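Predicted, not measured: the structure shown is a model, and the values here were computed from it. Keep in mind that the numbers below use all heavy atoms, side chains included, and drop hydrogens, waters and symmetry copies. Labels below follow one simple rule: chain letters A, B, ... track the order of the sequence lines, proteins then strands, and each chain is numbered from 1.
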Number of protein chains: 2
Amino acid sequence: MAVSARDVARVAGVSVSTVSRALARPHEVAPATRVKVLEAARGLGYTPNLAARSLITGRTGNIGLVVPDLENPFFASVTKGVQSRARTAGYAVFIADSDEDPTQEAELVRNLAKQVDGMVLCSPRATDAVLAELARECVLVLVNRESGDIPTVTIDNHEGTRQAVAHLLALGHRRIAYAGGPTTSWSNRQRAAAVEAQGALHGDLEVVNLGSFQPYVSGGIAAGDLVLASGATAVIAYNDLLAFGLLERFRQRGVRVPDDVSVVGTDNIPVSALTSPGLTSVGIPLVNTGRAGVDMLLHLVRDPSTPPTHHHDLTVQLVVRASTGPHGGDVALRQLA
Amino acid sequence: MAVSARDVARVAGVSVSTVSRALARPHEVAPATRVKVLEAARGLGYTPNLAARSLITGRTGNIGLVVPDLENPFFASVTKGVQSRARTAGYAVFIADSDEDPTQEAELVRNLAKQVDGMVLCSPRATDAVLAELARECVLVLVNRESGDIPTVTIDNHEGTRQAVAHLLALGHRRIAYAGGPTTSWSNRQRAAAVEAQGALHGDLEVVNLGSFQPYVSGGIAAGDLVLASGATAVIAYNDLLAFGLLERFRQRGVRVPDDVSVVGTDNIPVSALTSPGLTSVGIPLVNTGRAGVDMLLHLVRDPSTPPTHHHDLTVQLVVRASTGPHGGDVALRQLA
DNA sequence: TTGTACGCGTTATCAG
DNA sequence: CTGATAACGCGTACAA
């Protein structure tokens with residue numbers, strides 16, 4: 001059925017090994033035979049059988065990506081970046097959705113490990129111990145999480161928080177709340193610490209950590225009332241989805257944004273530009289994050305020696321939209337709280 | 001490095017073929033040796049080399065998915081469904097993003113074809129001719145598009161449109177606009193025709209087809225002014241993203257939704273519940289669409305004979321939110337237009 | 001019931 | 001520069 005190197009060899013009048021060489025290392029073969037082989041191959045529509053190749057080379061030309069939820073815009077964008085970069089590098093991408101379940105996550109990695117040269121694990125939920133074990137079984141690159149000395153791509157959370165706080169300070173806010181994500185989330189711990197650090201840095205700034213919430217709209221709805229009760233005039237959310245929940249809850253309670261409260265999200269997922277009011281957000285280069293993960297992975301895969309970049313910290317950029325504004329009279333706010 | 005069937009055979013004290021049988025067809029081997037093999041395999045952590053297996057069986061245990069844009073919530077949800085169903089069926093999923101480019105689409109299919117048992121093509125942009133050619137080269141299932149006699153999963157566009165129109169009629173609207181998607185889109189042609197059909201069906205209903213727009217927010221912004229100029233009091237959009245653009249443009253022009261104009265989207269992507277006002281939308285079971293695609297594909301792959309279900313039409317359900325309301329006095333609207 | 005032998009399609013080795 | 005041969009790990013006739 002399918003045309004094999006053997007067929008090409010017959011047509012070109014050479015041996016199978018010559019066919020293999022002519023395609024893999026053209027300079028190791030005489031120009032005359034090279035064109036003969038290439039023409040025969042193209043004429044027959046020959047494509048190497050990758051399974052057979054990987055059987056002998058031990059490499060697959062594939063990479064794997066595991067994310068907690070493909071429907072989450074954050075991961076959708078990262079996935080896009082991974083796929084894009086892998087494609088230009090000639091790699092195909094296996095995708096797996098762990099449904100936020102750490103157990104499945106490890107299982108998915110193990111299932112895919114045998115079919116790929118390496119894997120990108122995005123915002124992994126697994127414990128450090130499990131990750132260390134997985135890293136022993138296959139080449140791994142972490143995204144949005146540090147764990148041991150596993151190669152990783154992260155976001156500059158401290159800088160992002162700094163920009164958000166600076167923006168709010170400039171608008172006159174002096175009491176800022178932080179609505180956090182899951183305590184188990186590495187990036188949430190980073191961001192919470194960064195907010196505290198900013199509070200310590202500015203004498204005239206009060207920071208209120210409201211605790212942990214689900215990193216979805218539901219979590220933001222729960223957090224909304226706490227924000228109002230805290231007396232803060234601005235709130236920074238763990239991520240944009242949570243920020244949307246805040247906006248929704250404020251709307252329900254008749255609190256105006258940004259007149260009464262300013263809201264800053266994190267991630268700047270595409271939809272954040274579409275809501276009303278537009279969401280001010282700590283912009284993360286989501287697609288580039290995926291690309292960076294693949295770059296690091298391929299670096300590791302192709303160069304077994306320890307590369308210089310075991311860690312890549314991506315820069316962020318605050319995107320200001322209508323959900324933040326000057327701190328006005330907060331009398332109305334207090335009445336509501 | 002990796003443990004092979006040979007190692008298991010040595011430990012269990014049997015031959016390689018017995019190992020192979022004990023795992024593939026346990027009943028064809030003596031119970032005693034079976035447990036011996038299984039224990040040895042588990043003890044060594046043996047997992048069959050899939051490349052080697054596929055080399056001999058001709059099947060890979062993988063499927064491929066090609067979508068135009070992973071960041072588009074519609075495709076993200078379908079992808080989630082594909083991955084979910086494939087996983088429970090024991091299949092791994094290759095993902096590819098064509099960036100809306102028909103040329104790349106065909107190329108991606110060809111690249112992946114050799115590594116998969118079949119592919120799901122979601123909302124393919126390619127021409128019928130190209131699709132027919134691809135279908136000859138590998139097992140194909142189309143989603144959201146009909147082409148020749150290629151197996152396909154579609155949406156009941158006519159019924160969706162009927163529900164949308166019935167809803168608007170019940171609210172008192174008598175002049176309804178349709179803001180379409182790309183003319184090259186199969187589903188847009190379906191929906192445009194369905195809207196016209198509804199217009200012909202109801203004597204007291206006027207339907208205005210506004211033409212084609214980009215199926216993104218940008219397209220909706222462009223369409224917004226045409227809606228107002230058309231004198232329609234309600235508009236049905238090709239998809240939710242386009243509907244968001246309409247909402248945005250109406251906001252810019254000071255037109256209130258739903259007081260002045262009602263807006264109905266299509267797809268009911270997750271974010272449609274988050275905007276303000278919430279978007280009334282023709283709900284498509286997005287995740288199930290992906291699942292249905294995989295079901296059909298696996299059916300084809302495992303049963304070479306023509307299956308009874310070459311076509312699966314998914315039901316839809318209008319989801320009513322705040323973007324639609326009773327038709328009030330349209331005097332204010334005419335003034336704006 | 002179990003073992004032997006072969007072949008899947010490719011690349012690597014080595015002899016020529 | 002080229003060709004024969006072995007090997008990758010597994011499944012499957014066929015023989016025992």
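Under the 3.5 Å distance criterion, the side-chain polar atoms of A:Glu105 are matched with a main-chain donor or acceptor of A:Arg125. When atom types are taken as modelled, the side chain of A:Asp101 and the backbone of A:Thr103 share a donor-acceptor pair closer than 3.5 angstrom. With hydrogens and angles ignored, the 3.5 Å screen pairs a side-chain donor or acceptor of B:Asn188 with a backbone N or O of B:Pro182.
Listed pair A:Thr18 / D:dG3 meets the phosphate criterion, a side-chain N or O lying under 4.0 Å from OP1 or OP2.
Taking five base pairs at each end of the helix from C:dT1-D:dA16 to C:dG16-D:dC1 and finding the rotation axis that steps the C1' atoms of four pairs onto the next four gives two axes whose angle is 40°, to the nearest 10°.
When each of A:Thr289, A:Asp313, A:Asn144 is checked for a side-chain hydrogen bond (donor to acceptor under 3.5 Å, both in side chains) with A:Thr154, only A:Asp313 meets the rule.
For A:Arg110 and A:Glu133, the salt-bridge test passes: some basic side-chain N is under 4.0 Å from an acidic carboxylate O. Taking the charged nitrogens against the carboxylate oxygens, B:Asp69 and A:Lys80 do have a contact shorter than 4.0 Å, which makes a salt bridge.
Of all heavy-atom pairs spanning A:Gly64 and A:Val116, the tightest one is N-CG1, 3.7 Å. Between A:Arg145 and A:Pro124, the shortest heavy-atom contact is NH1-O, 2.9 Å. Residues B:Ser147 and B:Leu142 approach most closely at CB-CD2, 3.7 Å, considering heavy atoms.
Using a 4.0 Å cut-off on heavy atoms, none of the residues of residues 29-41 of chain B approach DNA chain D.
Within the 4.5 Å cutoff, no side-chain heavy atoms of B:Val120 are placed close to those of B:Val78.
The NE2-P distance, from B:His27 to C:dT1, rounds to 10 Å in whole Å.
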How would nucleotides 6-16 of chain D be written as a contact map, 5' to 3', with B for base contact, S for sugar-phosphate-only contact and - for no contact, using protein heavy atoms under 4.0 Å?
-BBBBBB----
